[in-house]
Amino acid sequence: MRYVIIGAGAVGGAVGGRLAGAGHEVVLVARGAQYEALRAHGLRLVTPDGTHTYRLPTVDGPAGLGELRADDVLVLAVKTQDSEAALAAWGPVPVEGGGTAAERLPLLCAQNGVESPRLALRRFRRVYGVCVWLPAAYEEPGIVSAPGAPLTGILFLGRYPHGTDDTVRRIGADLEKAEFEAPVVPDVARWQYAKLLTNLGNAIRALSGAADSEESERLRQRVYAEGESVLAAAGIPYASAAETKARRGDRITLLPLPGTEPGGGSTWQSLSRGTGTVETDYLNGEIAFLGRLHGVPTPLNELLQRLADTFARERRPAGSLPSAELVRLADEALSDRPSAADGRDPEE
């Protein structure tokens, strides 16, 4: 199988680089400065076992590849806000022997949140969810760091919305030979929702830096509690914290890497690069959306969504909001929340 990595950033670059290092055919798809750097100098993957440079075929869209192969696997690794454009571009691409990518090829959604597989299923017949436990950073064009050891990451795989098949088992076997653990599960969405809960704190780190005060930690716990309440009201199952902790064990330990700074998460990286967008609408925003559907107030997740979007739009520096100010805004959001007893319409 040939792996076409659509979005060769942190996750896509780490997965693509490790697959290439294990001897698999890989094509990288990137845009802008990342595309230029990959074309000129190759992918530089910095890991605890060394710095590896992979000079791989790199394109900036489907036109660069032409007709796709029947054994291609498309790996969607763009941020969720870019998914629809990527799906629209790659779905109609012809495949050798007839048909299109959307009709014939497997598509893996290796992304945070839960929205992209739903978007993909509108266009693609064969969609696979990936719950991504993969600490990686991309802040400089052409360079991706992945500090996890002894495993680079754990990638839960399954058909979306549920089930398994021979294709995903073959993909899992390839990843297992490339420094990943890749369990194939029939309920991949349950793991994705568990990861969604952990990602709700991404915005706190992106807005206020390390923010390791007791107040910030309490804010994180309140944000997570909102998410848990929403998933309970919606009847959505998710892997428990104890289950995820046991599954992860000591398989991924973050080690210092030469020439790199500790990453601040995917939202931090987007703000640091000044991309103008963040994926918070599909993390905290997913909780806000489900809360509105099921009548559960989510003032803290709404606040984080709004602040992160503002920081991205105005290109404010990552970590520039003092943690004490963020905690104050959170307390204010909670105090402004309408209660059932005061008779106000929550939308007033």
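The first residue of the sequence shown is numbered 1, and numbering continues consecutively from there.
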List the atom pairs, donor and acceptor, that lie under 3.5 Å between side-chain atoms in residues 246-254 and the rest of the protein, sequence neighbours left out.
residue: Arg251; atom: NE; partner: Glu181; partner atom: OE1; Å: 3.0
residue: Arg251; atom: NH1; partner: Arg247; partner atom: O; Å: 2.4
residue: Arg251; atom: NH1; partner: Arg248; partner atom: O; Å: 3.4

Using residues 19-33 as the side-chain source, report each donor-acceptor pair under 3.5 Å to any protein atom, sequence neighbours left out, with the distance given to one decimal.
residue: Glu25; atom: OE1; partner: Arg69; partner atom: NH1; Å: 3.3
residue: Glu25; atom: OE1; partner: Arg69; partner atom: NH2; Å: 2.8
residue: Glu25; atom: OE2; partner: Arg69; partner atom: NH1; Å: 3.1

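Between Phe311 and Val278, the closest side-chain pair of non-hydrogen atoms is not below 4.5 Å. Side-chain contact between Tyr3 and Leu108 is absent, with no heavy-atom pair separated by less than 4.5 Å. Looking only at side-chain heavy atoms (C-beta outward), Ile5 and Leu56 stay at 4.5 Å or farther from each other. Contact of the Val132 side chain with the Val15 side chain is not registered, since no non-hydrogen atoms from C-beta on lie closer than 4.5 Å. Annotation: side chain of Thr80 is not in contact with side chain of Leu283 (no heavy-atom distance under 4.5 Å). Considering only heavy atoms from C-beta on, Arg18 stays 4.5 Å or farther from Leu134 through its side chain. Contact of the Arg218 side chain with the Gln221 side chain is not registered, since no non-hydrogen atoms from C-beta on lie closer than 4.5 Å. Inter-residue side-chain proximity for Thr244 and Trp191 is flagged as met; some heavy-atom pair is nearer than 4.5 Å.
Pairing each heavy atom of Leu197 with each of Gly227, the nearest pair is CD2-C, 3.6 Å. Looking at every heavy atom in both residues, Arg315 comes nearest to Gly274 through NE-O, 3.1 Å. What you find for Cys109 and Ala120 is that their closest heavy atoms are SG-CB, 4.0 Å. For Gly142 against Tyr138, the heavy-atom pair with the smallest separation is N-CE1, 4.4 Å. Residues Trp90 and Phe124 share a closest heavy-atom pair of C-CZ, 4.2 Å. Annotation for Leu68 and Leu105: closest pair CD1-CD1, 3.7 Å, computed over non-hydrogen atoms.
For Thr164 (side chain) and Pro186 (main-chain N/O), no donor-acceptor pair under 3.5 Å exists by modelled atom type. Not a single donor-acceptor pair under 3.5 Å links the side chain of Glu215 to the backbone N or O of Ser323. A donor-acceptor pair is defined here as one N or O able to donate and one able to accept, closer than 3.5 Å; such a pair exists between the side chain of Gln269 and the backbone of Ala136. Using modelled atom types, one side-chain atom of Glu96 and one backbone atom of Ala70 make a donor-acceptor pair closer than 3.5 Å. A distance-only check finds no donor-acceptor pair linking the side chain of Thr152 to the backbone of Gly148 [under 3.5 Å]. A donor-acceptor contact shorter than 3.5 Å is absent between the side chain of Arg316 and the backbone of Leu207. Side-chain atoms of Gln305 never come within 3.5 Å of backbone atoms of Ala288 as a donor-acceptor pair (strictly under, hydrogens ignored).
Taking OH from Tyr224 and CG from Asn199, the interatomic distance works out to 8.5 Å, rounded to the nearest 0.5 Å. Distance check: Leu321 CG to Ile204 CD1 gives 11.0 Å after rounding to the nearest 0.5 Å. To the nearest 0.5 Å, atoms CD1 (Ile287) and CZ (Arg292) are separated by 11.5 Å. With rounding to the nearest 0.5 angstrom, the CD atom of Glu139 is 10.5 Å from the CG atom of Leu271.
In Arg170, the CZ atom is not crowded: 12 or fewer heavy atoms of neighbouring residues, nucleotides or ligands sit closer than 6.0 Å. For Arg126, the CZ atom sits in a packed shell: over 12 heavy atoms of surrounding residues, nucleotides or ligands are nearer than 6.0 Å.
In terms of the side-chain hydrogen bond (donor to acceptor under 3.5 Å, both in side chains) criterion, Tyr160 has no residue partners (sequence neighbours excluded). Every residue two or more places apart in sequence or in another chain that forms a salt bridge (charged side-chain N to carboxylate O under 4.0 Å, His left out) with Glu84 is listed here: Arg123. In this view, Ala149 and Pro48, Leu255 satisfy the side-chain contact (heavy atoms from CB on, under 4.5 Å) rule, not counting sequence neighbours. Annotation: side-chain hydrogen bond (donor to acceptor under 3.5 Å, both in side chains) contacts of Glu325 (sequence neighbours excluded): Arg328. Annotation: side-chain hydrogen bond (donor to acceptor under 3.5 Å, both in side chains) contacts of Thr280 (sequence neighbours excluded): none. Contacts of Arg222 classified as side-chain hydrogen bond (donor to acceptor under 3.5 Å, both in side chains), with partners at least two apart in sequence or in another chain: Asp331. With sequence neighbours left out, the side-chain contact (heavy atoms from CB on, under 4.5 Å) criterion links Ala234 to Ile236, His294.
Pairs engaging residues 275-288 under the salt bridge (Lys or Arg N to Asp or Glu O under 4.0 Å) rule: Arg118-Glu286 [sequence neighbours left out]. Note on residues 228-241: no pairs pass side-chain hydrogen bond (donor to acceptor under 3.5 Å, both in side chains), not counting sequence neighbours. Within the structure, salt bridge (Lys or Arg N to Asp or Glu O under 4.0 Å) pairs that include any residue of residues 150-169 comprise Arg159-Asp165, Asp166-Arg169 (at least two apart or interchain).
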Full working for side-chain contact (heavy atoms from CB on, under 4.5 Å) between Tyr128 and Leu157: CA-CA 7 Å; Tyr128 298 82; Leu157 310 172; over 6 Å; no
Test side-chain contact (heavy atoms from CB on, under 4.5 Å) applied to Lys195 and Asn112, step by step: CA-CA 8 Å; Lys195 177 72 185 308; Asn112 286 332; 2.8 Å; yes
Audit row: Tyr35, Thr58, side-chain contact (heavy atoms from CB on, under 4.5 Å) steps and yes/no: CA-CA 7 Å; Tyr35 167 73; Thr58 303; 3.9 Å; yes
Lys79 vs Ser270, side chain to side chain donor-acceptor pair (under 3.5 Å): CA-CA, chis, key distance, verdict: CA-CA 10 Å; Lys79 296 291 176 60; Ser270 293; 2.9 Å; yes
Leu326 vs Leu304, side-chain contact (heavy atoms from CB on, under 4.5 Å): CA-CA, chis, key distance, verdict: CA-CA 9 Å; Leu326 178 57; Leu304 292 176; 4.1 Å; yes
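Leu196 and Leu119 are members of different hydrophobic clusters when ILVMFWY side chains are connected at heavy-atom separations under 4.5 Å. Put simply, Leu200 and Leu290 are part of the same group of oily side chains (I, L, V, M, F, W, Y) that touch within less than 4.5 Å, one to the next. Cluster membership for Leu151 and Leu175, using ILVMFWY side-chain heavy atoms within less than 4.5 angstrom, is not shared. Hydrophobic clustering, with ILVMFWY side chains joined whenever heavy atoms are under 4.5 angstrom apart, groups Val130 together with Met1. A chain of hydrophobic side-chain contacts below 4.5 Å, direct or via other Ile, Leu, Val, Met, Phe, Trp or Tyr residues, connects Val73 to Tyr54.
Between the side chains of Ser116 and Gln111, at least one donor-acceptor pair of N or O atoms lies under 3.5 Å. Side-chain N/O atoms of Glu302 and Thr298 include a donor and acceptor closer than 3.5 Å.
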